[in-house]
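In what follows, a structure is listed as structure tokens, so that the remarks can point back to it.
Position 1 is the first residue of the sequence; numbering continues from there. Computed from a prediction, not measured in an experiment: that's the story for all the values here.
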Amino acid sequence: MKIKDIKSWFEVAIPDPTIEQACIQVGCHYEECGEMATTLTDSHAAEELERIAAEYKRSSYYYLDVLQKMSDADKIKLLDDLCDQIVTAIGVAHMLGMDIEGALKEVNDSNHSKFEDGKAVFNEQGKISKGKNYRAPKLDKFI
């Protein structure tokens with residue numbers, strides 16, 4: 001599984017993303033971080049991440065403004081942060097003996113099952129949702 005395979009899914013789902021869609025995606029990213037925090041601990045950090053995720057997914061004016069006013073230096077820092085998150089996620093999977101490449105392919109295949117007639121399905125908040133053909137990823141063989 002390559003990053004370009006995951007990126008191509010997004011290119012089909014949202015070929016010309018708006019700033020609002022970018023805001024929703026940041027919210028989805030925070031949501032996943034909150035879910036990981038919930039899996040690993042019952043701390044208040046998980047609740048805070050879920051709160052931030054919800055605000056981004058609502059595309060609140062505050063967070064839209066944050067994204068719209070990002071300087072090139074801010075974008076470089078964010079890109080570095082995102083790359084570090086990918087690297088550390090792969091490292092965690094490695095340290096715990098998980099097949100991250102196989103799991104990513106399975107999740108990407110599952111994401112493609114969200115499409116209906118080759119197009120993404122969106123919920124009322126603008127988040128890509130599970131279509132009628134959705135199948136959950138089967139990850140047990142990758143641990």
Check: Going only through I, L, V, M, F, W and Y residues with side-chain contacts under 4.5 Å, is there a path from Val66 to Leu64?
Finding: yes
Notebook entry, point to check: How many angstroms lie between atom CG of Asn108 and atom OG of Ser110, to the nearest 0.5 angstrom?
Noted result: 9.0 Å
Item checked: Nearest-0.5 Å distance, CZ of residue Phe122 to CD1 of residue Ile128 -> 5.0 Å
Checklist line | Flag, side chain of Glu106 to backbone of Lys138, donor-acceptor distance under 3.5 Å | finding: yes
Could you tabulate the donor-acceptor pairs under 3.5 Å formed by side-chain atoms of residues 18-40, not counting sequence neighbours?
| unit_1 | atom_1 | unit_2 | atom_2 | d |
| --- | --- | --- | --- | --- |
| Thr18 | OG1 | Glu20 | N | 3.4 |
| Thr18 | OG1 | Glu20 | OE1 | 3.4 |
| Thr18 | OG1 | Gln21 | N | 3.1 |
| Thr18 | OG1 | Gln21 | OE1 | 3.4 |
| Gln21 | OE1 | Thr18 | N | 2.9 |
| His29 | NE2 | Gln85 | OE1 | 2.4 |
| Glu31 | OE1 | Lys57 | NZ | 3.0 |
| Glu31 | OE1 | Lys127 | NZ | 3.0 |
| Glu31 | OE2 | Lys57 | NZ | 3.4 |
| Thr38 | OG1 | Gly34 | O | 3.0 |
| Thr39 | OG1 | Glu35 | O | 3.0 |

Pair up each side-chain donor or acceptor in residues 96-105 with any protein partner under 3.5 Å, not counting sequence neighbours, and list the distances.
| unit_1 | atom_1 | unit_2 | atom_2 | d |
| --- | --- | --- | --- | --- |
| Asp99 | OD1 | Glu101 | N | 3.4 |
| Asp99 | OD1 | Gly102 | N | 2.9 |
| Lys105 | NZ | Asp109 | OD2 | 3.0 |

Item checked: Heavy-atom closest contact (Ile143 atom, Asp140 atom, distance) -> CG1-O, 3.2 Å
Item checked: Hydrophobic cluster of Val121, others only, ordered by chain and residue number, side-chain cut-off 4.5 Å -> none
Notebook entry, point to check: Which residues pass the salt bridge (charged side-chain N to carboxylate O under 4.0 Å, His left out) test with Lys132, sequence neighbours left out?
Noted result: none
Check: If you measure from SG on Cys83 to CD1 on Ile3, what distance do you get to the nearest 0.5 Å?
Finding: 7.5 Å
Margin query: Can you tell me how far apart CG (Leu49) and NE2 (His44) are? Round to the nearest 0.5 Å.
Written below: 13.0 Å
Check: CZ of Phe10 to CD1 of Ile6: how many Å apart, nearest 0.5 Å?
Finding: 8.5 Å
Item checked: salt bridge (charged side-chain N to carboxylate O under 4.0 Å, His left out) involving Lys114 - partner list, sequence neighbours excluded -> none
Margin query: Apply the hydrophobic cluster definition, ILVMFWY joined by side-chain contacts under 4.5 Å directly or through others, and give me every member besides Val87.
Written below: none
Note to self: Counting neighbours of CG on Asp84 that are heavy atoms of other residues, nucleotides or ligands and sit closer than 6.0 Å, is the number greater than 12?
What the structure shows: yes
Note to self: Among residues at least two apart in sequence or on other chains, which ones pass ring-ring contact (aromatic ring centres under 6.0 Å, His included) with Tyr63?
What the structure shows: Tyr56
Check: Got a sec, which hydrophobics cluster with Leu139, joining ILVMFWY side chains under 4.5 Å apart, including via others?
Finding: Val107, Phe142
Margin query: The criterion is salt bridge (charged side-chain N to carboxylate O under 4.0 Å, His left out); which residues satisfy it with Glu116, sequence neighbours excluded?
Written below: none
Check: Could you state the interatomic distance from OG1 (Thr88) to CE (Met95), rounded to the nearest 0.5 Å?
Finding: 10.5 Å
Contacts table for residues 72-79: side-chain donor-acceptor under 3.5 angstrom, sequence neighbours left out:
| unit_1 | atom_1 | unit_2 | atom_2 | d |
| --- | --- | --- | --- | --- |
| Asp74 | OD2 | Ser71 | N | 3.2 |
| Asp74 | OD2 | Ser71 | OG | 3.2 |
| Lys77 | NZ | Asp81 | OD1 | 2.6 |

Notebook entry, point to check: With sequence neighbours excluded, what pairs up with Asp65 under the side chain to side chain donor-acceptor pair (under 3.5 Å) test?
Noted result: Lys69
Next item on the list: Any chance you could lay out the salt bridge (Lys or Arg N to Asp or Glu O under 4.0 Å) test for Glu55 and Arg51, step after step, and finish with the verdict?
Entry: CA-CA 6 Å; Glu55 288 294 315; Arg51 185 193 66 72; 5.2 Å; no
Checklist line | Any residue meeting side chain to side chain donor-acceptor pair (under 3.5 Å) with Asn123, in chain and number order, not counting sequence neighbours | finding: Gln125
Margin query: With heavy-atom distances below 4.5 Å as the criterion, would you say the side chains of Phe115 and Val12 are in contact?
Written below: yes
Check: Linking I/L/V/M/F/W/Y whenever any side-chain heavy atoms sit under 4.5 Å apart, do Ile86 and Trp9 land together?
Finding: yes
